[in-house]
Amino acid sequence: MSLRRPRSASPAGSEGNRPTSPAIGPVPRFAHGSRVPGWDDAVDLTKPPAAVPDPATTPVPDRLRSAIIGAMVKYPDRRSAAIPALHAAQQEHGWCSPEAIEQVAAVMQVTPAYLTSVATFYDMFANAPKPRHDVFVCTNISCSLRGADDFYAAMAAAAEQDPNVTVRSFECLGACDLAPMASVDGEYVGPLETSDAERILEDLRAGGPVLADKQVRKLRCADPKAASGRGGERTTILFDDIDEPGLNTLAVYERRGGYQSLRKALAMAPEEALSSIMDSGLRGRGGAGFQMGKKASFLPKGDMDKYLVCNADESEPGTFKDRELMQKSPHMLLEGIVIATWATGIDRAFIYIRGEYSHQADILEAAIAQAATAGYIGEDILGSGHALKLVLHRGAGAYICGEETGLLDSLEGKRGNPRLKPPFPAIEGLYDGPTLINNVETLCTVPHIIRMGGGEYAKIGTESSTGTKLVSVSGDVRRPGNYEVVLGTSSREIIYGLAGGPPEGHEVKLWFPGGSSAPVLTGDDLDVAYDFDTLAKAGTMLGSGAIIVVDDSHSVLEVALKLAKFYAHESCGKCVPCREGTNWTVKMLGRIESGEATPMDLDIMASVQEQIIGNCLCVLGDAMAMPIGSMIEKFRGELEAEIEAARDRAGAGELQNVVPVLLDTLAS
């Protein structure tokens, strides 16, 4: 189902003017996590207990063995190498075959059953033979608003007879500024047109670069201030000259003053550096908005194993700011991590980056090696006595791993199932040790806080929402991209002033202020200030800082159904309210579309959302329930009109007229 409607169409809900969806049918959703076939089958008790393969009798290719051992030595627990080892096995064999899993199990000394349980959870692991080339087409909200489903149909049709190419619909790939876009063997390309499908196949067959003119690695920052640096009417800190050539290298980063904040921090006592972060009032930029300094202060003091984990699993639909930071200025992130570990007495750190960000991960790997050679990472950093081991850990495709405890389980080599809280990660996190978890943008801000001083940084923005914020704007806007704004800026200025607003002749119908999990606002709310507290008072949240704009050429039903299908697909299935609630919501929205619903269904659906919120192990269920509930509340009239129109199309109109008569008869 395509969300893109003809621009000449009347707004959805107007009688007699409802454009029909393309005839391609629904975009398929590929099950994962607890939704793989057979996940609920009873265990076969007649089978012998799982056994670890004998390494002496299990042949393993030398290259694969070396990769697995190289991964295991990076972690305190060898099981953490499960995902890297499965990546290596898939690269060696083409898929996670029983033979490949047997080989990994023999080297890691775990059971094949354990590795199979991991491999079946993540989208990027193939559990059946697959063609040589992968084309993942993003069909989530931002891309669908700009025609992704039509491109998916064209791509699938073009590759239908090519045995070397597999085409899959994929959830948000973190490149909404390229919408519609695709990942071709890990190379991000876009914006795409249906004619690009044949071009992609031609480039793959030729063995050269794919759509060289549309690769994300060549995309410049959308923010006009990113090129000219600080000054003028707007302030840029993180995006100051972000497009400078070579900024991803140590030489250019140092020339611009890189790692001077680290030197300054190491000259302070750790408590003083932490105090500066607390004085800044910096709130986490990943979603929850909790103050970083306070979170860090919760870590126990003393000599014990403590960990820092950078959450770079940027999976929230509409969010792509961390991708740009890691790709263009990786040393800024590394400097922030080293400072944060000095301030908190941590000597082991991990960057958990989503598996789809292969290009950005390669850049980070190179930056880590450069920083280690220069003495910014390792033993006795710059003669300070501070030591830090830093590991880049690549995920394998699961939205739930963006949730901090699901991320920790994944980093420990398990399925990414969220944990019950308390205990909170600051007390009992990675490997059961105290753990500080922050996202990329938050940690990138730390060097600037040390450079400016916490008090000076706090003067930017509002009293309770200090500093600048990277905002990812996508959907129905003329200039999608990342923009750095001072917190407290008018949302209208961001959507219309920076991103250009909707296409000519259209108005904002609804918008998500903080990614797809945020309750929606309408076109009447555009003047609300963009900061944590003001948005909360407006009944929504700033979240990850991702604005998705939907104009009046789309129906609320289409957006809601696309959203619900995403969260139903991404639910790990561990707890009932989320597992069943997301599925029921998809079915109930489907009833509206098929003409089987009545207005009572809206009341039931709203009640389902209320029962989900606050009753799940993590916030994934809430992430669907909050925006769906807000759409029912704010657009009930349109949804009721959609119900009536669908029932008329399905021939249910006459039956509806009979129901009140029957009820009156029964009552009498």
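These figures come from a predicted structure and were not determined experimentally.
Using a distance-only test at 3.5 Å, with no hydrogens or angles considered, a donor-acceptor pair links the side chain of Arg285 to the main chain of Arg283. Listed for the Lys295 side chain is a donor-acceptor partner under 3.5 Å among the backbone atoms of Ile437. Panel note: side chain Ser410, backbone Gly406; no donor-acceptor pair is recorded below 3.5 Å. The backbone N or O of Thr139 lies less than 3.5 Å from a partner atom in the side chain of Ser144, making a donor-acceptor pair. In terms of modelled atom types and a separation under 3.5 Å, the side chain of Arg415 and the main chain of Ser117 share a donor-acceptor contact. Looking at Thr540, its side chain does come within 3.5 Å of a backbone N or O of Pro519 through a donor-acceptor pair. Panel note: side chain Glu324, backbone Asn482; no donor-acceptor pair is recorded below 3.5 Å. Using a distance-only test at 3.5 Å, with no hydrogens or angles considered, no donor-acceptor pair links the side chain of Ser142 to the main chain of Ser474. Put simply, the side chain of Thr341 gets close to the backbone of Ile337: a donor and an acceptor are under 3.5 Å apart. Counting only distance, with no hydrogens or angles, the side chain of Asp622 and the backbone of Gly614 share a donor-acceptor pair below 3.5 Å.
For Arg132, the salt bridge (charged side-chain N to carboxylate O under 4.0 Å, His left out) test picks out no residue, with sequence neighbours left out. Partners of Lys306 according to the salt bridge (charged side-chain N to carboxylate O under 4.0 Å, His left out) rule, which considers only residues two or more places apart in sequence or in another chain, do not exist here. Applying the salt bridge (charged side-chain N to carboxylate O under 4.0 Å, His left out) rule to Arg419 yields the partners Asp409, Glu412; only residues at least two apart in sequence or on another chain are considered. Residues passing the side-chain contact (heavy atoms from CB on, under 4.5 Å) test with Pro112 are Pro53, Ile101, Glu102, Ala105, sequence neighbours excluded. In terms of the side chain to side chain donor-acceptor pair (under 3.5 Å) criterion, Asp347 has no residue partners (sequence neighbours excluded). Ser80 pairs by the side chain to side chain donor-acceptor pair (under 3.5 Å) definition with Tyr431, not counting sequence neighbours. The salt bridge (charged side-chain N to carboxylate O under 4.0 Å, His left out) search around Asp134 returns Lys130, not counting sequence neighbours. Every residue two or more places apart in sequence or in another chain was checked for a side chain to side chain donor-acceptor pair (under 3.5 Å) with Asn311, and none qualifies. Ser544 pairs by the side-chain contact (heavy atoms from CB on, under 4.5 Å) definition with Glu316, Thr319, Ala546, not counting sequence neighbours. Here Met72 pairs with Ile68, Ile69, Arg78, Ala81, Val107, Met108 under the side-chain contact (heavy atoms from CB on, under 4.5 Å) rule; sequence neighbours left out.
Residues Glu441 and Asp322 have side chains in contact (heavy-atom distance under 4.5 Å, counting atoms from C-beta outward). Between Thr435 and Leu308, the closest side-chain pair of non-hydrogen atoms is not below 4.5 Å. For the pair Val216/Val189, no side-chain contact is recorded, criterion being any heavy-atom separation below 4.5 Å from C-beta on. Val440 places a side-chain heavy atom less than 4.5 Å from the side chain of Cys310.
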Legend entry - Derivation of the side chain to side chain contact (heavy atoms under 4.5 Å, CB included) call for Glu356 and Ser183: CA-CA 8 Å; Glu356 296 90 342; Ser183 171; over 6 Å; no
Legend entry - Verdict with supporting geometry, Leu86 and Val118, side chain to side chain contact (heavy atoms under 4.5 Å, CB included): CA-CA 9 Å; Leu86 287 169; Val118 175; 3.9 Å; yes
Inset, instruction - Output, in order, the C-alpha distance, side-chain angles, deciding distance and verdict of side-chain hydrogen bond (donor to acceptor under 3.5 Å, both in side chains) for His133 and Asp185. - result: CA-CA 6 Å; His133 299 294; Asp185 290 341; 2.6 Å; yes
Legend entry - Phe566 and Met624: CA distance, side-chain angles, deciding distance, side chain to side chain contact (heavy atoms under 4.5 Å, CB included) verdict: CA-CA 9 Å; Phe566 166 70; Met624 181 209 68; over 6 Å; no
Inset, instruction - List the steps and the verdict of side chain to side chain contact (heavy atoms under 4.5 Å, CB included) for Gln215 and Tyr188. - result: CA-CA 6 Å; Gln215 294 179 356; Tyr188 277 24; over 6 Å; no
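When ring centroids are compared, Tyr352 and His393 come within the 6.0 Å threshold. Ring centers of Tyr399 and Tyr567: under 6.0 Å apart, within the cut-off.
Listed by first and then second residue, the side-chain hydrogen bond (donor to acceptor under 3.5 Å, both in side chains) pairs involving residues 82-93 are Arg63-Glu92, His93-Gln103 (not counting sequence neighbours). The stretch residues 608-618 participates, sequence neighbours left out, in these side-chain hydrogen bond (donor to acceptor under 3.5 Å, both in side chains) pairs: Thr585-Gln609.
The CG atom of Leu563 lies 8.0 Å from the CG atom of Asn140; values are rounded to the nearest 0.5 Å.
Between Ile83 and Ala396, the shortest heavy-atom distance links the atoms CG2-CB, 4.1 Å. Ala106 approaches Pro55 most closely through the heavy-atom pair O-CB, 3.9 Å. Leu589 approaches Leu561 most closely through the heavy-atom pair CB-CD1, 3.6 Å. In this structure, Ala85 and Val104 approach most closely via the heavy-atom pair CB-CG1, 3.7 Å. A pairwise comparison of heavy atoms in Pro627 and Ala518 identifies CB-O, 3.5 Å as the closest pair. Among all heavy-atom pairs drawn from Phe512 and Ile141, the shortest one is CZ-CD1, 4.5 Å.
Annotation: Asp54, atom CG; neighbour count of heavy atoms from other residues, nucleotides and ligands within 6.0 Å is above 12.
A salt bridge does not link Arg394 with Asp313: every distance from a Lys NZ or Arg NE/NH1/NH2 to an Asp or Glu carboxylate oxygen is 4.0 Å or more. The residues Arg323 and Glu314 are annotated as not salt-bridged, no charged nitrogen and carboxylate oxygen being separated by less than 4.0 angstrom. For the pair Glu404 and Lys421, the salt-bridge criterion is met [side-chain N within less than 4.0 Å of a carboxylate O].
Applying side chain to side chain contact (heavy atoms under 4.5 Å, CB included) to Lys574 and the options Leu420, Ile400, Leu620, Asn417 leaves one that passes, Asn417.
A cation-pi arrangement is absent between Arg168 and Phe170 under the rule of less than 6.0 angstrom and at most 45 degrees off the ring axis.
A tilted orientation is assigned to the rings of Phe350 and Tyr307, their planes being inclined by 30° to 60°.
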